[in-house]
2 protein chains.
Amino acid sequence: MTRALTRKGEATRARIVAGAAAEIRERGVDEVRLEDVMAHTGTSKGQLFHYFPDGKEGLLLAVAQHEADQVLLDQEPMLSNLTSWPAWLAWRDRLIERYLAQGVKCPLNGLLGQTGRRAPGAQAIVTGLMWRWQKAITEGIRHMQSTGDVDPDLDADRAAAALLAGIQGGVLLLLSTGKIDHLEAVLDLTIDSLRAGARTGGS
Amino acid sequence: MTRALTRKGEATRARIVAGAAAEIRERGVDEVRLEDVMAHTGTSKGQLFHYFPDGKEGLLLAVAQHEADQVLLDQEPMLSNLTSWPAWLAWRDRLIERYLAQGVKCPLNGLLGQTGRRAPGAQAIVTGLMWRWQKAITEGIRHMQSTGDVDPDLDADRAAAALLAGIQGGVLLLLSTGKIDHLEAVLDLTIDSLRAGARTGGS
DNA sequence: CGGTTTCTGGACTTGCAGGTCCATTTTTGC
DNA sequence: GCAAAAATGGACCTGCAAGTCCAGAAACCG
């Protein structure tokens, strides 16, 4: 019963989400008014509330989900194939490239702080994103352990957790300082550290 | 000429900042109205605009500065004395303890995303905080290098940048997931990694 | 086709939070 | 103690952005 959308309606809905996402990325969550979304997507207020009966709340939630999915998609196919050191470096390069291009515009930053508190659902979206992200990294590490490229005694989950945190912090620092250095340092040092434990099995 | 504050006035101003900070920590930036601050600090609207002629903007800026300073103060005296491994671990424990207690309430998270964009000054405050923080860590690493406890060939700045990023990300993940695991993993693994390079000078 | 549903546009309402103003009280400095 | 300056309280104004409503156009389905 959640379905009562014409083909045209579905297109409009998608256009609204995409447009709102772009607007938010560009100017920040709290700077975007529904009017801006309307103007930017060529829609009317009636449409907005037709597709998002919960108003801004619901729209932001949809945008958050959209952006969260995009974050992971942008890392493919590298993220799901961390099966060799060149693959790891390719992933590293993709991340750097992506966030360098993105610059100060983070779609989820504001959503975490702002929507995160009011909408309980937004919290879930971010948590889900982080969980999926970390899972992919963990699998990458496990694979490298299976091929003997990483110390098998290493706690893959813990290492992935640390790496994920480093990435998040690196992006955060990119947002506040405008420099990519932190993200680079995290990725390079962490990958180096993973490689270091390969041959030297001595503990 | 910036000075025209009575002793009483200064106290009131401080009370407003502290109260607003508490309120923001508790409920998030965008959920706090000036009225809330008034109620919570026992002040009137006239006072608010008397001490902060720029209105909410100026108040948030003052709060941000206050909180930024607090973040570093909370880590003292450990942060400025990272001169032995026990000292590093004490710092680690302090961080864990502090953020565990703080839980989901981050004073600067919202300020980064929200005020960060509108107030150009807020950006500077956050950047300044990060810079001071990283500098302290760098000095700690350098000291350990001088005593031979850390590989002297290590790029201390880069390592500090990575660690800082990890901490920020760990806190971010604490905010979104409610779990301290990421922060713990970052601190433990990074410190372990620093120790690992001590004796083995072979590259 | 024709009835029904969905889609669209935009005028209107509403509430509220930031900001203004000034009259009164307190503090200060001489 | 007394003028001047700062501190305080709170009524008032204002703009704006979310949300409501409904009437007309377009799309769907038999």
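The sequence lines fix the lettering, A, B, ..., with proteins before strands; numbering per chain opens at 1. These numbers were taken from a predicted model, which means no experiment stands behind them. We use all heavy atoms of the structure for the numbers below, so side chains are in, but hydrogens, waters and symmetry mates are not.
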So, does A:K8 get its side chain near the phosphate of C:dC7, meaning an N or O under 4.0 Å from OP1 or OP2?
no
Let me know the distance between CG of B:L59 and C1' of C:dA17, rounded to the nearest Å.
14 Å
B:L34 CG to D:dG10 C1': how many Å, rounded?
15 Å
Please report the distance, rounded to the nearest Å, between CD in B:E57 and P in C:dA17.
18 Å
Phosphate-side-chain proximity, A:Y51 and C:dT8, N/O vs OP1/OP2 below 4.0 Å:
yes
Nearest-Å distance for atom pair NE2/P, residues B:H50 and C:dA23:
17 Å
Given C:dA17, D:dT20, C:dG18, which nucleotide is nearest the side-chain atoms of A:F49?
D:dT20
What distance separates B:L172 CG from B:I167 CD1, expressed to the nearest 0.5 Å?
13.5 Å
Measure all distances between protein nitrogen or oxygen atoms and nitrogen or oxygen atoms of nucleotides 9-14 of chain C, and list the pairs falling under 3.5 Å.
unit_1, atom_1, unit_2, atom_2, d
C:dG9, OP2, A:Q47, OE1, 2.4
C:dG9, N7, A:S44, OG, 2.9
C:dG10, O6, A:G46, N, 3.2

Between A:Q168 and B:H182: side-chain donor-acceptor atoms closer than 3.5 Å
no
Among B:T190, B:L183, B:L187, which one satisfies side-chain contact (heavy atoms from CB on, under 4.5 Å) with B:R92?
B:L187
Under 30°, 30 to 60°, or over 60°: which ring-plane class applies to B:W88 and B:W85, parallel, tilted or perpendicular?
tilted
Take atom CD of A:E35 and atom C1' of D:dG19, then tell me their distance rounded to the nearest Å.
13 Å
Scan B:F52 against the nucleic acid and name what it touches under 4.0 Å (heavy atoms): base, sugar-phosphate only, or nothing.
nothing
From CD (B:Q65) to CG (B:L129), nearest 0.5 Å
9.0 Å
Interatomic distance where CZ belongs to B:R13 and C1' belongs to D:dA6 [whole Å]
15 Å
A:K56 has an atom NZ; how far is it from atom P of D:dA17, in whole Å?
9 Å
OP1 or OP2 of C:dC7 under 4.0 Å from side-chain N/O of A:T6
yes
Taking CD in A:E76 as the centre, count heavy atoms belonging to other residues, nucleotides or ligands within less than 6.0 Å. Is the count above 12?
yes
Rounding to a whole Å, what distance do you find between B:E10:CD and C:dT27:C1'?
15 Å
Counting only heavy atoms not in A:Q70, do more than 12 sit closer than 6.0 Å to its CD atom?
yes
